[in-house]
Amino acid sequence: MLINNTFFDTIIVGGGHSGVEASYISSKMKKKTLLITFNKDKIGEMSCNPAIGGIGKSNLVKEIDAIGGLMAKITDNSAIQYKILNSSKGEAVRATRVQVDKYIYKQNVIYELKKQRKYLTILQEEVVKLIIKKMCVKGVITSKKNKIFSNTVILSTGTFLNSKIFVGLNYQKGGRIFDHSSEDLVDFLSKYPFKFKYFKTGTPPRIKAETINFKLLKKISGDKEVKNFSFFSSVRKKKHKLPQIKCYLTYTNEKTHKIIKNNFYKSPLYNKKYIIGKGPRYCPSIEDKINNFPNKKKHRIFLEPENIDKKIIYPNGISISLPFKIQKQVIHTIKGMENVEIIIPGYAVEYLFFDPKNLKKTLESKIIKNLFFAGQINGTTGYEEAAAQGLVAGINSGLQNTSKKFIPDRSNSYMGVLIDDLCDKGVNEPYRIFTSRSEYRLFLREDNADYRLTSIGYKLGLISKKKWLFFNKKMNYIKNNYNFFKNKKISIKYLPKKIKFKYKKKNINKINLSNLILNYDILSRKFKYIFKKYNNKINFNYIEESKTILKYKGYIKKQKIELFKFDKYKNIYIPKFINWNKIPGLSKEIIEKLIKYQPKYLNQAYQISGVTPSSIINIIIYLKKFNFI
């Protein structure tokens with residue numbers, strides 16, 4: 001491939017989940033795009049767990065899809081188990097989590113990128129330098145001395161900058177097993193006034209499935225009738241493509257814990273000569289779990305197949321970096337895994353990231369013009385967080401020579417929450433999105449991401465005419481359903497006996513449909529006969545969406561009042577003698593940070609990374625209760 005001295009609109013460095021979304025979006029915007037990666041075959045690689053979604057994360061995936069991104073579509077085409085988390089709770093905190101075949105996922109990513117070949121070129125090389133003139137990026141230089149020029153560059157290098165892989169106290173350079181580390185690019189960037197630190201991540205060993213005794217373990221089935229991740233799956237007219245599989249549940253035990261405790265000194269996590277970077281709080285290693293919760297007698301481990309053939313198992317919940325010999329001893333103490341064969345050992349990775357406070361909210365660097373950063377290079381953790389940043393960076397890179405910008409707002413998306421938190425607060429541990437991080441979480445549900453964002457995607461040219469028509473048709477159905485529920489009264493004779501009796505006692509013959517929906521599960525399948533006479537006015541495909549809008553209207557109004565209170569009290573002085581442990585509703589993490597930083601004013605408390613809007617409301621209530629306000 002003759003590529004030296006070639007010019008591109010955008011160059012993306014790194015083929016992980018952020019690089020994939022950035023490349024896809026940039027080429028979709030008809031920008032001449034170059035994706036440079038160490039290894040073409042590992043584009044879209046799932047380095048850790050073989051799943052997409054989860055609490056907060058599913059909201060990001062839905063938002064990426066609503067704007068015109070790739071992740072949801074790829075997930076649906078690779079899915080082997082769908083699960084709804086928090087299904088017993090309200091829609092605002094429910095989350096879709098999808099187990100995927102990681103090999104098919106990667107194949108589907110590469111297939112979709114190849115479809116963009118009119119505007120997208122993929123190059124297998126290593127970027128060692130950037131071409132910078134007058135603090136403005138002009139292109140890149142590769143290890144093969146290729147000089148490639150561009151309007152913009154997006155760095156989405158994941159965990160590969162100055163990275164080391166640890167198994168016990170032995171380490172090798174690399175950001176992922178069997179891949180090497182990028183050091184020359186770090187040396188180059190060190191000449192500029194960037195701030196950077198180190199974080200740590202880890203992964204469990206991979207287990208040969210046929211050596212596990214599944215008969216001893218509890219089966220975990222997926223949920224039936226779960227909608228596809230992508231809002232536009234009906235446009236493609238595809239149901240779940242792959243057979244749906246089962247996962248399994250097992251636990252560590254006291255014998256497991258004893259072996260780990262006796263070998264703490266062999267873990268690089270507890271020897272600062274080795275790993276100095278902080279790991280993710282919400283995805284801790286098994287060493288951290290046992291160290292932090294010494295009285296807990298067992299920890300859950302979900303055995304998740306990495307592919308449809310069920311040949312390799314990912315034991316979710318036992319990320320470990322002890323020596324391989326110790327790992328085998330540990331694994332063999334676990335029920336069902338007494339005789340397993342480990343294919344790849346668990347390991348820890350320490351890697352460099354750049355302070356995201358040095359970024360504009362377009363994800364462009366404040367230091368070097370036209371240079372964008374996306375993904376774990378910004379201190380985040382997770383495929384979904386990376387993909388969301390790739391989308392934002394890709395769009396803004398495409399808009400760079402125009403008067404337009406794409407800055408998602410925290411009031412309309414979790415992408416906005418993510419970008420706000422990174423750029424305003426920075427990070428002191430790997431950042432993971434949660435619904436609790438948003439003050440607008442009652443509105444920012446996964447079910448309405450298209451309602452919030454698809455019009456933006458359409459204006460940017462990322463949503464096709466066919467999808468736009470589908471979206472508008474859907475919104476009309478939901479609106480008609482909503483208006484019908486709100487205004488229609490029905491005779492109580494159509495109601496089930498128990499409900500009918502309550503209204504008869506009050507001499508009520510007709511009842512407003514919205515009251516029934518809000519007070520009873522009247523829209524469940526067994527009650528659909530109630531609406532038979534209204535079939536021409538109700539679209540049953542969107543009945544749940546209409547119900548949710550009706551249900552949350554009052555709560556959202558109340559939430560806006562609470563947000564007004566925060567705005568009103570943000571400059572309130574916090575007494576020095578306040579005992580943070582006494583304030584109800586504050587997590588252990590937030591209490592630790594408030595004690596450490598001792599904010600003098602409420603707004604200062606909110607600026608602390610990890611302190612959520614809901615915790616600020618709890619502090620306001622406490623201060624008011626004791627007349628400090």
Side-chain angles (χ1 to χ4, degrees), residues 54-60 85-95 280-284 289 292-293 295-296 410-411 413-414 416-418 420-422 424-446 551-629:
I55 306 299
K57 291 172 175 282
S58 67
N59 302 65
L60 288 177
L85 309 182
N86 286 341
S87 57
S88 62
K89 298 181 180 179
E91 288 84 350
V93 291
R94 287 181 195 169
R281 180 186 295 263
Y282 299 103
C283 189
K289 287 179 186 178
N292 296 338
F293 305 100
N295 298 322
K296 195 163 184 179
R410 65 185 301 124
S411 67
S413 64
Y414 276 95
V417 174
L418 170 68
D420 255 19
D421 285 353
L422 291 177
D424 289 344
K425 296 184 178 184
V427 291
N428 48 34
E429 61 185 51
Y431 180 97
R432 178 179 176 177
I433 197 71
F434 283 107
T435 51
S436 61
R437 293 192 189 274
S438 174
E439 60 271 50
Y440 301 96
R441 62 189 172 278
L442 295 183
F443 177 59
L444 305 183
R445 304 183 306 275
E446 71 165 38
K551 180 179 173 182
Y552 274 90
K553 189 176 181 182
Y555 292 114
I556 291 168
K557 187 177 180 181
K558 186 180 177 183
Q559 191 177 68
K560 285 179 180 177
I561 294 169
E562 288 180 342
L563 293 172
F564 174 76
K565 285 180 187 175
F566 170 60
D567 197 52
K568 180 182 175 183
Y569 294 123
K570 65 183 179 182
N571 294 317
I572 287 293
Y573 177 74
I574 299 172
K576 285 183 181 178
F577 52 82
I578 193 167
N579 186 341
W580 298 109
N581 286 293
K582 292 281 179 71
I583 301 177
L586 297 187
S587 69
K588 184 181 175 183
E589 172 201 354
I590 288 170
I591 291 169
E592 285 174 4
K593 290 183 175 182
L594 291 168
I595 290 171
K596 180 181 178 181
Y597 293 105
Q598 290 296 320
K600 292 181 179 179
Y601 299 95
L602 203 62
N603 202 34
Q604 289 178 350
Y606 186 51
Q607 293 305 313
I608 299 168
S609 177
V611 174
T612 62
S614 57
S615 63
I616 295 295
I617 298 296
N618 288 334
I619 294 169
I620 291 170
I621 292 168
Y622 182 83
L623 293 175
K624 286 190 79 175
K625 183 178 178 181
F626 292 97
N627 298 318
F628 294 129
I629 294 179

- Show your working on side chain to side chain contact (heavy atoms under 4.5 Å, CB included) between N581 and I595 and close with a plain yes or no. CA-CA 9 Å; N581 286 293; I595 290 171; 4.1 Å; yes
Side chains of [X] and [Y], heavy atoms from C-beta outward: is any pair under 4.5 Å?
X	Y	value
K576	Q598	no
Y622	K582	yes
L594	I578	no
I574	W580	yes
K425	I608	no
I617	E439	no
P584	K625	no
I433	S438	no

Closest heavy-atom contact between [X] and [Y]?
X	Y	answer
K593	S609	NZ-O, 2.8 Å
P599	A605	CB-N, 3.5 Å
I55	V93	CD1-O, 3.9 Å
L623	P575	CD2-CD, 4.1 Å
Y606	P613	OH-CG, 3.7 Å
G54	L85	CA-CD1, 3.9 Å

| message | Can you tell whether the side chains of E429 and R281 come within less than 4.0 Å, N to carboxylate O? | response | yes
Check: [X] side chain, [Y] main-chain N or O, donor-acceptor pair, under 3.5 Å:
X	Y	result
Y431	D421	no
N59	Y414	no
R445	R94	no

Approximate separation, where rounding is to 0.5 Å, of [X] [atom1] and [Y] [atom2]:
X	Y	atom1	atom2	result
K57	R432	NZ	CZ	5.0 Å
S614	F434	OG	CZ	12.5 Å
I590	S436	CD1	OG	7.0 Å
N618	T612	CG	OG1	7.5 Å
K596	I591	NZ	CD1	16.0 Å
L602	I616	CG	CD1	5.0 Å

Ring pair (Phe, Tyr, Trp, His ring centres under 6.0 Å) filter on F293, not counting sequence neighbours, yields none
(message) With a 6.0 Å cut-off (strictly less than), is the heavy-atom count around OH of Y573, excluding the residue itself, greater than 12?
(response) yes
